[in-house]
Amino acid sequence: MNYLAHDIEKKWQHYWQNNHTFEASNDSEKEKYYILVEFPYPSGSGLHVGHVRSYTALDAYARMKRMQGFNVLFPMGWDAFGAPAEQYAIKNHIHPKEAVQENIKTFKGQIQDLGISFDWSREFATTDPEYYKWTQWQFLQFYKHNMAYKTRKDINWCPNCKTGLSNEDASGGVCERCGTKVVQKEKEQWMLRMSDYAEDLLTGLDDTKFADRIKLGQINWIGKSKGAEVDFKVADTDQLLTVYTTRPDTLFGVTFMVVAPEHPIIETLKDKITNMDEVVKYQAFAKSKTEFERTELAKDKTGVQLKGLMAINPLNNTKIPIWISDYVMMSYGTGAIMAVPAHDDRDYEFAKKFNIPIIQVIAKSFTGTGDSKMRADKPVTNREVVNAIIKHPTENKYLCVRNKKFNWLNFVMGGIEEGETPIRAGIREVIEETGYNDITIEKEMEFIYFDNFYAAHKDVNRHITCYTVIGELNSLNTVERSEEEAALADVEWVAEDELLEKLTTEAHRYDASRLINGEGALTDEGVHINSDFVNELTKQEAIDTMLAYLDKNKLGRAKTNYRLQDWIFSRQRFWGEPIPLIHCDDCGWVPVPEEELPVLLPDVAEYEPTDDGESPLANITEWVNTPCPKCGKMAKRETDTMPNWAGSSWYFLRYMNAHNASAFVSPEALKYWGKVNWYNGGMEHTTRHLLYARFWNQFLYNIGLVPNKEPFEIRVSHGMILGSNGEKMSKSRGNVINPDDIVKEMGADALRTYEMFIGDYEKDAAWSTNGLKGCKKFLDRIWRIQEKLNDKDGYTNEILVNKTIKKVTNDLANMKYNTAVSALMIMLNEYEKQDSITKDDLRILVHLLNPIAPHITEEINEVSALGKPLCESTWPSYDDSKTIDDSYEMVVQVNGKVRGKIEVATDTNKEEMESLAKGLDNVKVHTANKEIIKIIVVPKKLVNIVVK
RNA sequence: GCGAGUGUGGCGAAAUUGGCAGACGCACUAGACUUAGGAUCUAGCGCCGAAAGGCAUGGGGGUUCAAGUCCCUUCACUCGCACCA
């Protein structure tokens, strides 16, 4: 008995099609379930094996859900606007819509060959005028609610694609599509006020069940940051320079200000700036850098001081210089910062480069550990001390002393006496404690710290303010130490790489790490110093206190910023939805009346983007010139088109009611289908597309057009299918697997089964033709198992059946396809071991495998006359009490090592388990002459005998 | 730099959440059946060892009767974000 995969696959695909098996009803008594997989861009290269993975996965889920009695909506369509179709059209001088139609035909054929149970009655493409009519209509809703505006601003411009890009499209400073370096170009652009929704997009995540990594991606992209705006007066002017900072508590540490090169204050106060030439030159320099260079070549700080201007610290009226530098971005915060070089890496680097003073306002504070923790019953003494790090004259070792009584090993340390500098004190202490007297100390570490501890040698608590000095011995010359000192401690030289493990005191190890790693800004938490009314407070206390102070004195205010910016919604390309607005010299921007929608893309011969940054549509005068809908005077159409994210921002709504000609979707359909229950897509879309779609939906919700604020309940993303060499599949790498070839050679079921078995669904996986063959073999064995059918009823192995139903049901619902397939392989292996199997046995197997391999299972079901077609059948249920075997292999361990196994009844009690375990010969061997300390018995698992 | 994730046989991977590490599959080895095998079946298959046994989940340390799983530390790779104040 043999079968031809191709024939039976075609047969059942026709059956499903002719019977409208997978068409969802908008009017059903059943509970609804909406499963969505991202619709593809129908590229010319056809379906990728990666598509097969996610489509099969969601198909399997949809098929199971249908059998479980749900009214499942599982639609498919085409995201067909976009550059490749346009490129193709430019090259071949045909209208992009023709290329798109051709590609859709290919894609659809390929998908249908796979037997994916999409509801094709709801199919559409974003390029259909019946669809983009409603995309335009929704844009007008944005416009009417003041959510769309046109502005002149520097935008990301791709010189190759000749179009503006959103920030999301230009991440990394290169064009998402072609990889060309993006440049800044000033242009008028339509924008959507997405930043207004930043908070809602953030909090809305709580109403979703997205995977954590996806939520995190969204959270990072929105980039919420809490801080404050602080107003600095500019001396001798009436101007305020407002900065954004997350650390208002460090305001006493500000030693300079930095504004972005484009900051308007430069223009406003240019008459006061005495070095305008230099400033203008720097502005030009900054602008000439692409975004890429600005970030990638970030290592070196550049900048110019605005001479003639000084800002005034609002707390203490200190005058502070103002600089411009491109490390401050106009697009974030206020485009100006207060620089606190002591506690910010970038400010530190800048201050070092331009020799600007540094004021420490936070001191690291240690609290002692173990025996050195402060004791409540002892007095506290305050001291100023010096900590001397002294290098050996010839070797890479440092001078340490070991306290004989307590065995502490530390750097030389001692009190600073009245009128003494830390350096003088350091030299004196080294001589006193070690006898070395040929010392040079030139450097004092930038930052002091506090150490609070119980000083056992003096039986007091100490609060010390520590100054660290760094020096070296010129020679090993010594003088005699006092007897007292010599009795107290030994001198010890410690190699640099051993300091961190050998030093006793945490504070000294900290000093050592700064010595080894070099000094930089002190960004750790600590206690405030040099800061008047926030002194001695911790970070959060100081922030709160400072905010209250600023607020009370009207010097600033709490402020939350977001990385998320408004959505640049214009593209200067032909192949996109025309923005349905008309510009009239008298009336300004006027929306195209709704009854005139859609604004159709004209049929023309040329689609090339233009060098001057205008859309190719701008050249089509008969299309551009049109009467103003308001006053009738000749006016001009907007020639920019929408980004290709527009159509995909609401397609999930359209599926609910795909061919509605009078509304984007009917309220009834919206109400019935509600949220997408399960949305699958690529990891590459978890920031952009997912954010745009959520924003779009939240807007529609706010104006009362959709019933749910969040459109998607669960979002999962699949891993990529890589080439057999573990690299991304690409023509240039020559590792592309074409699904058509596999379907032809092995059949769709084998391909589907293999891709489900390949590994963790959410992880990338490399293609393996051998693995595929294994799955094909599995299906062949399934076919042959029919030869073992007997005419008995019931299950040959009831436990196996119930176990497998449970496993497969749970695995399919949790995207664990690989283990679901494995459970079915185990079931088949068991069936093969038996002399014969019943129809009931086989019926379960084909039901459980059907979601993954739908064709062969339908055929077996029919050939062996097991019942009505599986697609009309019900999902098997299991009895939990019959998933447990009545016996198991009890493991017996001695000291955690397996020494024996016995088959015992599942209901064996603890006492019996214990005595059975002790009775094993091998256990006796390992426990002989030993004392049994305890016995751990884990019911239904093992016995562990602990002996000594 | 920050954030997240991953690391288990020759390979893809499992491991009811702390309880026999390596299920299932691939590859491989031996055998059977065959005119033939890229078919099918049977057996074997982490490493060392003749065996008893020992060693094994990137490395090191810890908690525990028991650790792939928990804690600390370290290394490597992958992916996001990146002068975001």
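Note: hydrogens, waters and symmetry copies are ignored here, and every other heavy atom, side chains too, is used. So that the names make sense, note that chain A is the first sequence line, chain B the second, and so on, each numbered from 1. On a predicted model such as this, the values are computed, not experimentally measured, just so you know.
- Using a 4.0 Å heavy-atom criterion, one finds that Ile936(A) contacts the bases of the nucleic acid, with or without backbone contacts as well.
- The aromatic rings of Tyr327(A) and Phe350(A) sit tilted, their planes meeting at an angle between 30° and 60°.
- Here Asp344(A) lies out of heavy-atom contact (under 4.0 Å) with every strand.
- Judged purely by atom type and a 3.5 angstrom limit, Arg899(A) has no side-chain atom pairing as donor or acceptor with the backbone of Gln893(A).
- In this structure, Trp221(A) atom CH2 and A4(B) atom C1' are separated by 16 Å, rounded to whole Å.
- Between the CZ atom of Phe757(A) and the P atom of A27(B) there is a distance of 12 Å, given to the nearest Å.
- In this structure, Lys773(A) atom NZ and G25(B) atom P are separated by 17 Å, rounded to whole Å.
- A donor-acceptor distance shorter than 3.5 angstrom exists from the side chain of Asp566(A) to the backbone of Ser195(A), with no hydrogens or angles considered.
- The base of C20(B) lies outside donor-acceptor range of the side chain of Lys941(A), with no N or O pair under 3.5 Å.
- Within the 4.0 angstrom heavy-atom criterion, no nucleotide atom of any strand lies near Asp811(A).
- Rounded to an integer number of Å, the gap from CD of Glu787(A) to P of C41(B) is 11 Å.
- Taking the six-membered ring for Trp and thresholds of 30 and 60 degrees, Tyr817(A) and Tyr761(A) have ring planes more than 60 degrees apart, a perpendicular arrangement.
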